[in-house]
Amino acid sequence: SGKRMAYLNLEDELETVKYLAEEAGKEILKIFHSKQDLNIENKTDNSPVTIADKASNKILVDGLCSRFPDYGLLSEETLDNLDRLNKEFVWIIDPLDGTRDFIARQRSFTVMVGLARKGEPVLGVVHSPVERKTYSAIKGRGAHILYHPCDNPFGDGNLYGTERKIIASSHEKVSEMRVMIVRTKLESEGFEQLLQMPFSGISLIGGAGYKAMMVAKGS
């Protein structure tokens, strides 16, 4: 087709998303640490949405549409436009994953952005605003974690401002694996059986994005 292959060079897309995700994260943190009313509303699926979801969404959507006007877009907090189905590239956005954790003042909320080419995921970014860490990957080129400079970093202080490659765990035995469970699913079917399996440990973690980060870095 003469179009550039997504797998070869998505550096511009990656750097743009990492920058926008951190900017969105800063805005979310301002609201997280403030005493202002979160204006919590419930969506049709009964999941909550706050002013932080909307502020993050605006930063991401405005930034990506401005920089990549020919790309389609699907966001959890924006009315869907099916024109995206005719686009070669489509951004997929969750501006604040783990809203319930955010409301409860838990730290396990994230900003998530993916890019699909012809229906195939080719790029992904997950940013943790509280920990000031950004996880990213381009298809076929591995995953990386970027530690942002921070006055009061959570651990790994000497790593801040650096990026390093990460790999998922290679453990194959259940006894060597940790399992992560969504805090709100403790009553769900199968939970008792899960507890009886010989995992090395169990963590109660909120949002999907936070769990994805832990899996990606091999935790």
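This chain uses plain numbering: 1 for the first residue, then up along the sequence. All heavy atoms count here, side chains included; hydrogens, waters and symmetry mates do not.
- Of all heavy-atom pairs spanning L73 and V90, the tightest one is N-CG1, 3.9 Å.
- Atom CG of D94 sits about 13.0 Å away from atom CZ of F109, to the nearest 0.5 Å.
- A distance of 10.0 Å separates CZ of F32 from CG of L38, quoted to the nearest 0.5 Å.
- Other residues, nucleotides and ligands contribute only 12 or fewer heavy atoms inside 6.0 Å of the NZ atom of K173.
- The existence of a salt bridge linking E120 and R117 is excluded, since no basic side-chain nitrogen approaches an acidic carboxylate oxygen closer than 4.0 Å.
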Show every donor-acceptor pair shorter than 3.5 Å between a side-chain atom in residues 51-60 and any protein atom, with sequence neighbours excluded, or say none if there are none.
| from | atom 1 | to | atom 2 | distance (Å) |
| --- | --- | --- | --- | --- |
| D53 | OD1 | T50 | N | 2.9 |
| D53 | OD1 | T50 | OG1 | 2.7 |
| D53 | OD2 | T99 | OG1 | 2.8 |
| K54 | NZ | E41 | OE1 | 3.4 |
| K54 | NZ | E41 | OE2 | 2.9 |
| S56 | OG | P95 | O | 2.7 |
| N57 | OD1 | S75 | OG | 2.5 |
| N57 | ND2 | T78 | OG1 | 2.9 |
| K58 | NZ | D62 | OD2 | 2.6 |

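- Expressed to the nearest 0.5 Å, how far CG of L123 lies from CD of E11 amounts to 9.0 Å.
- Smallest separation of non-hydrogen atoms from G119 and P121: O-CD, 3.9 Å.
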Please tabulate, for the side chains in residues 208-217, all donor-acceptor contacts under 3.5 angstrom to protein atoms that are two or more places apart in sequence or on a different chain.
| from | atom 1 | to | atom 2 | distance (Å) |
| --- | --- | --- | --- | --- |
| Y210 | OH | E131 | OE2 | 2.5 |
| K211 | NZ | G206 | O | 2.5 |
| K211 | NZ | G207 | O | 3.4 |

| query | side chain to side chain contact (heavy atoms under 4.5 Å, CB included) between R84 and W91: does it pass, once the steps are laid out? | reply | CA-CA 9 Å; R84 64 183 165 79; W91 296 111; over 6 Å; no

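- Residues L115 and L74 do not share a hydrophobic cluster, defined by chaining ILVMFWY side chains whose heavy atoms lie under 4.5 Å apart.
- Taking every heavy atom of both residues into account, S47 and R100 meet most closely at CA-NH2, 3.8 Å.
- Counting heavy-atom neighbours within 6.0 Å of E172 CD, excluding the residue itself, gives a total of 12 or less.
- Contact of the E77 side chain with the L96 side chain is not registered, since no non-hydrogen atoms from C-beta on lie closer than 4.5 Å.
- Nearest heavy atoms, H171 versus M177: O-CE, 3.5 Å.
- One distance of note links CG of L146 with CZ of R132; it measures 9.5 Å at 0.5 Å rounding.
- Residues V17 and I92 fall into different hydrophobic clusters, defined by Ile, Leu, Val, Met, Phe, Trp and Tyr side chains chained together at heavy-atom separations under 4.5 Å.
- Going from atom CZ of F89 over to atom CG of L10 covers 6.0 Å, rounded to the nearest 0.5 Å.
- A side-chain hydrogen bond (donor to acceptor under 3.5 Å, both in side chains) with T134 is found for one member of H144, E163, H127 and no other, namely H127.
- Within the 4.5 Å cutoff, the side chain of I93 has heavy atoms near those of the L64 side chain.
- Summarising the geometry of N9 relative to E13, their closest heavy-atom pair is O-OE1, 4.2 Å, with the distance given to 0.1 Å.
- Applying the salt bridge (Lys or Arg N to Asp or Glu O under 4.0 Å) test to E15 and every residue at least two apart in sequence or in another chain returns K18.
- Listed here is the closest heavy atom pair of V111 and P129: CG2-CG, 4.3 Å.
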